[in-house]
Amino acid sequence: MATQRGGFTSRLGFILAAAGSAVGLGNIWKFPFEVGKGGGAAFVVMYLAFCFLLCFPVMVAEIAIGRKTQLNPVGAFKALGYKNWAIVGYLGLASGVLILSFYNVVAAWAFGYFVEMLLGNFDIGRNFSSFTQDWITVGSYSVIFMAGTAYVVSKGVSGGIEKAAKILMPTLFVMIIALIIYALTLPHAWDGIRFYLVPDFSQITGKVVYSALGQAFFSLSLGMGALITYGSYVSKNDNIVGAAASITLMDVGVAFLAGFMIFPFVFSQGIETDGGAGLIFVTLPSVFEGLGEVLGVIVGALFFLLLSFAAFTSTISLLEVPTAYMVDEKKIPRKKATWIVAIFIFLVGIPSMLSTGSVDALTHFVNLPGAGEKNFMDFVGLIASDTFLPLGGFLIAVFTAYVWKKENFNIELANGDESIKGSWLQSYVDFAISYICPLLLGLIFIITVMDNFFNVKILTMLFG
Ligand code: PFF
């Protein structure tokens, strides 16, 4: 069976593919601005702590479950003998489908911007809302992005996913370094760096801690079985804990580097740093315009190509989860399974695509008691990324510690790494997966639900 499913040909291939899943839109646009909002370096320290202390153990657990069973998330829980827990796998599938449905639309914006930059259309930033309302254009880029993703996934694990990651990840790294070097030469660049790195602890509130946690978890692609799936293609001789550490380091590293690129760009033109999604798509084009005709085109195109590449290795992993399910559980050949799933998810994403101004009912989709008005895309994001992922992570941690049991988990970790047995690292991972992860992830889930859907502000109650 293993040969039919395919697998990564090398440890490096696996690490790059998983790091590719982790490094995405979350790192390049979301992280720097969360940092800006959350008190600079103070946020960075918290984010790092959450990545290593909380997320890393969950990542180890996901990879171990996948490698032990060599199956997709639904099949994995069944194969371990816990049929009822397959619900966690189904929750993961739902999260994957929903997240990819809107993530692909934002990826399509990034790719569209790459083309616009090549054409020297710096006005695109000022026209951001007309761009997102132009559903024919965005729809075409979405089709291209989803088809590209499906093409890679249809080629299989070693011939598609691993190959793409081996090309795209090093390229991404070179591009980001080149852009940082250039950005640092701009006027006021160092004001940007100072803003990014000098901590302001007074900005740390319960809400900022909550965002750092959520951001760390989303950024590492946890809670929906993406790493169970990738783990299922890993050889029994590979060291899981070491691989998880490398993946976490790469993800955190790229997020951290992204700040060294974005803040100098933004400060060089004297622009405000708040604005989240808008900042990348609304403000950066005019920053690039300020660099002059030729340099602006080169740097702008390079930036949005970087963003597209980062998104692409993430969409690949998002599509792989439901595809692996169809291949393993429904015995559908990979190529066919990939295209069926991709078309389905594209259709699910159409309302998101239309919810940024084109269709009124979708633009003003719901009015939630706590969250207020949300368009369809943000609503799906709230359900899938903010609610389902922490819930999935909570359940995966509880399952690993108390159902599958630490002994079995530890046996799987020792495959490929005898030295982990009895080490402090193993003790920490066991401790975290039993106590810290269920507690914090359970808490995030409850806070998110109570806050957004019931307007019960637990964070304000706790921290003022
Ligand atoms: N980690 C990706 C990012 O930071 O953009 C998003 C993501 C990809 C989340 C894959 C979940 C996932 F399974």
Side-chain angles (χ1 to χ4, degrees), residues 16-35 47 50-51 55-56 58-59 62-63 66 72-73 88-89 91-110 145 149 152-153 161 164-165 168-169 172 176 211-232 244 247-248 250-259 276-277 280 306-325 341 345 380-393 396:
L16 288 177
S21 167
V23 172
L25 297 168
N27 302 57
I28 313 232
W29 68 256
K30 207 153 167 244
F31 177 76
F33 302 109
E34 294 271 354
V35 172
Y47 173 81
F50 286 138
C51 281
C55 298
F56 167 74
V58 178
M59 183 184 287
E62 283 205 23
I63 299 173
N72 66 90
V88 182
L91 183 72
L93 286 188
S95 312
V97 167
L98 292 176
I99 294 176
L100 182 52
S101 77
F102 70 82
Y103 198 94
N104 186 61
V105 176
V106 183
W109 295 349
F145 215 89
T149 305
V152 171
V153 172
I161 299 173
L168 293 175
M169 291 306 284
L172 183 139
I176 208 168
S211 324
L213 245 169
Q215 168 67 13
F217 206 69
F218 179 79
S219 172
L220 287 167
S221 302
L222 297 171
M224 54 160 272
L227 286 150
I228 295 182
T229 310
Y230 274 16
S232 75
I247 297 162
T248 308
M250 279 192 203
D251 183 62
V252 168
V254 171
F256 194 55
L257 286 177
I280 286 259
L306 167 77
L307 195 62
S308 306
F309 277 8
F312 192 51
T313 45
S314 297
T315 53
I316 289 171
S317 73
L318 286 160
L319 184 59
E320 176 58 23
V321 175
T323 301
Y325 167 76
V341 176
I345 297 177
V380 176
L382 173 66
I383 300 279
S385 345
D386 303 344
T387 311
F388 284 4
L389 292 188
L391 177 62
I396 288 168

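Model, not experiment: these values are computed from the prediction. Atoms within a ligand are numbered from 1 in the order they appear, just like the ligands themselves.
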Over all heavy atoms of both residues, which pair between Ala107 and Ala311 is shortest? Give the atoms and the distance, please. CB-CB, 3.8 Å
Short N/O distance, under 3.5 Å, between Ala22 and ligand 1? yes
Check each atom of ligand 1 against the heavy atoms of Met224 and keep those under 4.0 Å away; list them by number with element. 11 (C), 12 (C), 13 (F)
Any N or O of Ser314 that comes nearer than 3.5 Å to an N or O of ligand 1? no
Numbered in order shown, the ligand 1 atoms found under 4.0 Å of a heavy atom of Ala226 are 13 (F)
Provide, to 0.1 Å, the distance between atom 5 (O) of ligand 1 and the closest protein heavy atom, together with that atom's residue and name. Tyr103 OH, 2.5 Å
For Phe218, which part has a heavy atom under 4.0 Å from ligand 1: side chain, backbone, both, or neither? both
Could you check which of Ala216, Gly96, Gly26, Ser221 puts a non-hydrogen atom nearest to atom 8 (C) of ligand 1? Ser221
Note: Ser21, heavy atoms under 4.0 Å from ligand 1, region reported as both
Give the numbers and elements of all ligand 1 atoms closer than 4.0 Å to a heavy atom of Ser219. 1 (N), 4 (O)
For Glu62 and Gly393, indicate whether the former's side chain and the latter's backbone hold a donor-acceptor pair under 3.5 Å. no
Any donor-acceptor pair under 3.5 Å linking the side chain of Asn27 with the backbone of Gly24? yes
Can you tell me if Ser317 uses its side chain to pair, donor with acceptor, with the backbone of Ser21 under 3.5 Å? no
For Ser219 and Tyr47, does a side-chain donor sit closer than 3.5 Å to a side-chain acceptor? yes
Which atoms from ligand 1 have a heavy atom of Asn27 less than 4.0 Å away? 4 (O)
Under the side-chain contact (heavy atoms from CB on, under 4.5 Å) criterion, do Leu389 and Leu222 qualify, and how do the steps go? CA-CA 7 Å; Leu389 292 188; Leu222 297 171; over 6 Å; no
Does Ile345 offer a backbone N or O that forms a donor-acceptor pair with the side chain of Ser101 under 3.5 Å? no
Identify, by atom number and element, the atoms of ligand 1 in contact range of Ser317, meaning under 4.0 Å from any of its heavy atoms. 10 (C)
Does Val23 form a side-chain contact (heavy atoms from CB on, under 4.5 Å) with Thr313? I'd like the steps, not just the answer. CA-CA 8 Å; Val23 172; Thr313 45; 5.5 Å; no
When you measure from the side chain of Tyr103 to the backbone of Leu25, do you find a donor-acceptor pair of N or O atoms at a distance under 3.5 Å? yes
Consider every N or O of Leu25 and every N or O of ligand 1, then say whether any pair is closer than 3.5 Å. yes
Between ligand 1 and Ile99, can you find any atom pair, the residue atom being a heavy atom, that is separated by under 4.0 Å? no
